[in-house]
Amino acid sequence: MAPSPTGPLHIGTARTSLYNALFARHVGGTYVLRIEDTDLARSTADFERDILDNLHWLGITWDEGPQHAGGDAGGEDIGPYAPYRQSLRMDRYAREADRLLASGAAYHCWCTTDELDAVRREQEARKQAPRYNGRCLTLTDADRAQFEAEGRRPAVRFRVPAERIRFDDLIRGEVEFDNGLLGDFVIVRADGVPLYHFVVVIDDEQMEISHVIRGEDHLSNTPKHIALIRALGYREPVFGHIPLILNPDRSKMSKRKSQTAISDYREQGYLPEAMVNFLAFLGWSPGTKEEIFSLDELAARFEIGEVHKAGAVFDRDRLDYLNGVYIRGLTDDELTARLRPLLPAALADHVLAGLVPLVKERMVRLTDAVELSDFLSEPDEVVASWWSVDDLLPKGRDATEVAAALGAARAALAADDGWAAERLETVGREAAEAHGWKAGDFFKPIRVAVTGKAISPPLFGSMVLLGRERSLARMDGALERLRTGAAA
RNA sequence: GCCGCAUUCGUCUAGAGGCCUAGGACACCGCCCUCUCAAGGCGGAGAUCACCGGUUCGAAUCCGGUAUGCGGUACCA
């Protein structure tokens, strides 16, 4: 797996990482992670940290590669072929470029960006394939001396042999390209920085990569890599190109149209287990009716050859559903621990522990607990500001009637000295019956007064967590507003 | 433009010649349960298997073509 730290860990990169991990674990292989940071201008240490951190968060582990972010400052890489960051392997690439130059498989190109653009525009205007015209292939020594004298620095171009390239893709089967259609592409920039197609091939050889599993967007790059592999005398790895994850409009999933950073999902309260389960099924299925699988179970069943060929739309609804399933599958203690950092410190641990069973099956994301529990940590005045008198009224009842009902409820509940949920509910129901109201209607003003909202966790459990005094005080506050409102 | 890849309910998918009048899940709708909301249970609607032609007694499944979509076509990865 070879992510490029030019952005935060992307959903697609995470899924590719997952498939690599599942494949490696399933066949008992060695999973290698390499940081592709040759694009110095766009790569940052922060992005690298984000990628490694979030991969760890998902539970994806690798056998070789940087275990911690740190750039060249010293995240110690693990594995026999360290370093696993391309920015630290430049001497190796320079040596291989020299080999290619010496053998004539590559040549210097002095063309400037402007010159190349001009040629390309001309080709496009003539409806020709835009590719390098080979100008620097026929330069004389005098030409070269002239460019040198002008201060121009040459890039290195690979001389692409015009041949048909065929390979057996793990997922797509036999694929064939005609490299005669390709122009000679640059492998080392004029500033000496080697480019992706070149370094990936060198590293794969030196790190003894046997299987390259990557996104389908690399399928048409593969013939370039194979040509380079042959020119360098390397062993050809097995390739597998997995389908793309798509925006709802079926284009390649992008930041513009979808949320793509794993860290965003993490912040929004998605569980890593749910993300992994969801991502695994975006492009693969075990063929069973069962669809809840842990990482270990996935690794046990995963077959790379069963991966689909067509892209899959990222379906947020399905992720939400799965996340809810996983939240409900957590023990109360586990959920309490995961919720703790998201909720105000003022919310006491024992209150949180009591809250969890009340909200567990009402959550889609961990962050939902914030709104479900804020009535416990906000002061009475704030909670009172969330509602208006109208919010207290069940359908068809006016303020005077509701004041009477709430007054009766308050009196009955206050008369109970235990303040336990089950007992309170019994008292509440008896009071409702005595008052001649349906329980639902009778409880509505209590709910709004106590929790500030028409939708809340179970009422009596909520009242227990809030405490007798504050619950009664909030009901008193509501009664007051009902009476003044009714009077007005 | 050129090259490549793909195409089963809105979405994720099952399906590898007869078990398919195409199964499941999410989303949607209805009912039940119910102190609100969820969760849960039950049921419903939803796919002429992109299209056309062929092979075959028989095709979603095999072959050919067409269309559409997507990806690539950088001194980005």
Side-chain angles (χ1 to χ4, degrees), chain A residues 2-7 36-39 41-43 109 111-113 116-117 120 123-124 126-132 153-157 169 171-172 175-179 181-183 185-191 193-197 199-200 214-224 241 243-244 246 248-252 278 281-291 308-322 324-325 328 359-364 368 372 425 428-429 432 438-444 446-448 451 453-460:
Chain A
S4 185
T6 54
E36 310 231 315
D37 56 353
T38 52
D39 186 347
R42 294 197 299 145
S43 299
C109 172
C111 296
T112 63
T113 308
L116 294 170
D117 284 349
R120 190 163 20 243
Q123 290 168 330
E124 278 166 8
R126 273 186 277 157
K127 298 235 188 268
Q128 291 178 339
R131 56 171 151 151
Y132 185 61
R153 301 289 310 144
V156 179
R157 271 186 199 277
D169 191 276
I171 293 155
R172 276 146 226 286
V175 183
E176 189 180 306
F177 289 85
D178 183 1
N179 271 3
L181 266 21
L182 248 39
F185 55 91
V186 172
I187 55 175
V188 181
R189 303 200 315 198
D191 64 5
V193 175
L195 263 15
Y196 168 74
H197 297 306
V199 297
V200 80
R214 63 206 341 185
E216 189 193 342
D217 44 351
H218 284 297
L219 188 59
S220 42
N221 289 151
T222 305
K224 294 180 186 172
H241 290 90
L244 263 18
L246 275 20
D249 66 2
R250 306 202 75 88
S251 55
K252 180 164 97 169
F278 174 72
F281 277 68
L282 230 40
W284 176 76
S285 157
T288 60
K289 294 269 193 266
E290 182 60 45
E291 50 189 11
H308 303 157
K309 298 174 180 175
V313 173
F314 186 93
D315 181 6
R316 191 57 174 253
D317 282 335
R318 195 178 179 82
L319 206 213
D320 282 346
Y321 162 75
L322 269 179
V325 168
R328 277 172 251 131
V359 298
K360 195 189 212 173
E361 64 194 27
R362 272 161 256 265
M363 288 194 290
V364 167
D368 291 341
L372 250 12
E425 179 167 355
R429 286 183 187 285
K438 285 191 302 187
D441 288 348
F442 195 71
F443 294 164
K444 178 167 182 177
I446 311 177
R447 178 189 314 283
V448 174
T451 68
K453 299 168 188 178
I455 293 171
S456 79
L459 217 209
F460 302 101

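In what follows, chains are A, B, ... by sequence order, proteins preceding strands, each numbered from 1.
- Listed candidates were B:C75, B:C37, B:G4. Nearest to the side chain of A:R189 is B:C75.
- Nucleotide B:A47 has no partner under the Watson-Crick or G-U criteria, as no pair reaches both atom distances under 3.5 Å.
- Within the 4.0 angstrom heavy-atom criterion, only backbone atoms of the sugar-phosphate kind lie near A:E176; the bases stay farther away.
- Relative to the side chain of A:R318, the nucleotides B:A25, B:C5, B:G72 differ in distance, and B:A25 lies closest.
- Contacts of A:S285 with the nucleic acid, taken as non-hydrogen atoms under 4.0 Å apart, involve only primed sugar atoms and P, OP1 or OP2.
- Put simply, NZ on A:K252 is 15 Å from C1' on B:G4, counting in whole angstrom units.
- Distance noted for atom P between B:A45 and B:C62: 30 Å (whole Å).
- In this structure, A:H308 atom NE2 and B:U11 atom P are separated by 15 Å, rounded to whole Å.
- Look at CZ on A:R447: it is 12 Å from P on B:A38, rounded to the nearest Å.
- Side chain of A:R172, nearest nucleotide from B:C5, B:G72, B:C3: B:C5.
- Closest to the side chain of A:L244, from the set B:U36, B:C76, B:C70, is B:C70.
- Looking only at distances, a side-chain donor or acceptor of A:R172 sits under 3.5 Å from a matching main-chain atom of A:K309.
- Look at the C1' atom in both B:G65 and B:G23: the space between them is 31 Å, to the nearest Å.
- Distance A:L322 CG to B:A39 C1': 16 Å, rounded to the nearest Å.
- Distances from the side chain of A:A310 to the nucleotides B:A6, B:C12, B:C26 place B:A6 closest.
- As judged by a 4.0 angstrom heavy-atom cut-off over every strand, A:G283 is placed among residues touching the sugar-phosphate backbone only.
- At a cut-off of 3.5 angstrom, counting only N and O atoms as typed in the model, there is a donor on one side and an acceptor on the other between the side-chain of A:N221 and the base of B:A77.
- No contact: A:V364 has no heavy atom under 4.0 Å from any strand.
- No side-chain donor-acceptor contact under 3.5 Å links A:R362 to the backbone of A:P457.
- Using a 4.0 Å heavy-atom distance criterion, A:L181 is classed as a sugar-phosphate-only contact.
- When both pairing distances are held under 3.5 Å, B:A39 makes no Watson-Crick or G-U pair with any nucleotide shown.
- The partner of B:U21 cannot be assigned: no Watson-Crick or G-U wobble pair with both contacts below 3.5 Å exists in any strand.
- Candidate nucleotides B:G24, B:C75, B:G72 were compared by shortest atom distance to the side chain of A:K289, and B:G24 ranks first.
- The same atom, P, is picked in B:A22 and in B:C5; the two are 33 Å apart, to the nearest Å.
- As judged by a 4.0 angstrom heavy-atom cut-off over every strand, A:P458 is placed among the base-contacting residues.
- When all heavy atoms of A:L244 and A:D217 are compared, the pair lying nearest together is CD1-N, 3.8 Å.
- Here the nucleotide nearest the side chain of A:E361, chosen from B:A38, B:A77, B:C12, is B:A38.
- Taking atom CD1 of A:I171 as the reference point, atom P of B:U7 lies 13 Å away to the nearest angstrom.
- If A:K224 and A:R42 are placed on RNA chain B by their nearest nucleotide, the residue sitting closer to the 5' end is A:K224.
- Across all strands shown, B:C76 forms no Watson-Crick or G-U wobble pair with both distances under 3.5 Å.
- In this structure, the nucleotide among B:G40, B:C75, B:C5 sitting nearest to the side chain of A:E216 is B:C5.
- With A:Q123 contributing its side chain and A:R131 its backbone, the two residues share a donor-acceptor pair below 3.5 Å.
- Atom P of nucleotide B:A25 and atom CD of A:E291 are separated by 8 Å, given to the nearest angstrom.
- For A:S456 against A:T451, the heavy-atom pair with the smallest separation is CB-OG1, 3.6 Å.
- One finds a salt bridge joining A:R120 and A:D117 here, because a Lys/Arg side-chain nitrogen approaches an Asp/Glu carboxylate oxygen to under 4.0 Å.
- Comparing the C1' positions of B:U13 and B:C20 gives an interatomic distance of 16 Å, to the nearest angstrom.
- Among the nucleotides B:C70, B:C75, B:A77, the one closest to the side chain of A:R120 is B:C75.
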Please write out the pairs of protein N or O atoms and N or O atoms of nucleotides 62-67 of chain B separated by less than 3.5 Å, giving the distance to one decimal.
none

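- When both pairing distances are held under 3.5 Å, B:U7 makes a Watson-Crick or G-U pair with B:A67.
- Nucleic acid contact for A:I446: none, since no nucleic acid atom lies under 4.0 Å from a heavy atom of the residue.
- Taking the side chain as every heavy atom from C-beta outward, A:H241 and A:S220 never approach each other to under 4.5 Å.
- Between the side chain of A:T222 and the backbone N or O of A:H218, at least one donor-acceptor pair lies under 3.5 Å.
- Nucleotide B:C62: paired with B:G54 (Watson-Crick or G-U wobble, both distances less than 3.5 Å).
- Taken to the nearest 0.5 Å, the OH atom of A:Y196 stands 10.0 Å off from the NZ atom of A:K224.
- Using a 4.0 Å heavy-atom criterion, one finds that A:S4 contacts the sugar-phosphate atoms exclusively.
- Closest approach to the A:A312 side chain among B:C75, B:C3, B:C12 is made by B:C12 (side chain taken as heavy atoms from C-beta onward).
- Residue contacts shown for A:H218 include a base, since a base heavy atom lies under 4.0 Å away.
- The distance from atom CZ of A:R131 to atom C1' of B:G1 is 13 Å, rounded to the nearest whole Å.
- Put simply, the side chain of A:V186 does not reach to within 4.5 Å of the side chain of A:Y132, judged on heavy atoms.
- Going from the P atom of B:C31 to that of B:G58 covers 48 Å, rounded to whole Å.
- The residue among A:D178 and A:V193 whose nearest nucleotide of RNA chain B lies closer to the 5′ end is A:D178.
- Donor-acceptor pairing under 3.5 Å, judged by distance alone, is absent between the side chain of A:R250 and the base of B:C70.
- Residue A:T38 places at least one side-chain N or O closer than 4.0 Å to OP1 or OP2 of B:A77.
- Atoms NZ (A:K309) and P (B:U8) sit 13 Å apart, rounded to a whole Å.
- There is no side-chain donor-acceptor pair under 3.5 Å between A:T38 and A:R189.
- Among the atoms of the strands shown, none is found under 4.0 Å from any heavy atom of A:T288.
- Nucleic acid contact class of A:Y196 (heavy atoms, under 4.0 Å, all strands): base.
- B:C33 and B:G40 are spaced 8 Å apart, taking the C1' atom of each and rounding to whole Å.
- Taking atom C1' in both B:A67 and B:C26, the straight-line distance is 30 Å, to the nearest Å.
- Between atom CZ of residue A:F278 and atom CD of residue A:E291 there is a gap of 12.0 Å, rounded to the nearest 0.5 Å.
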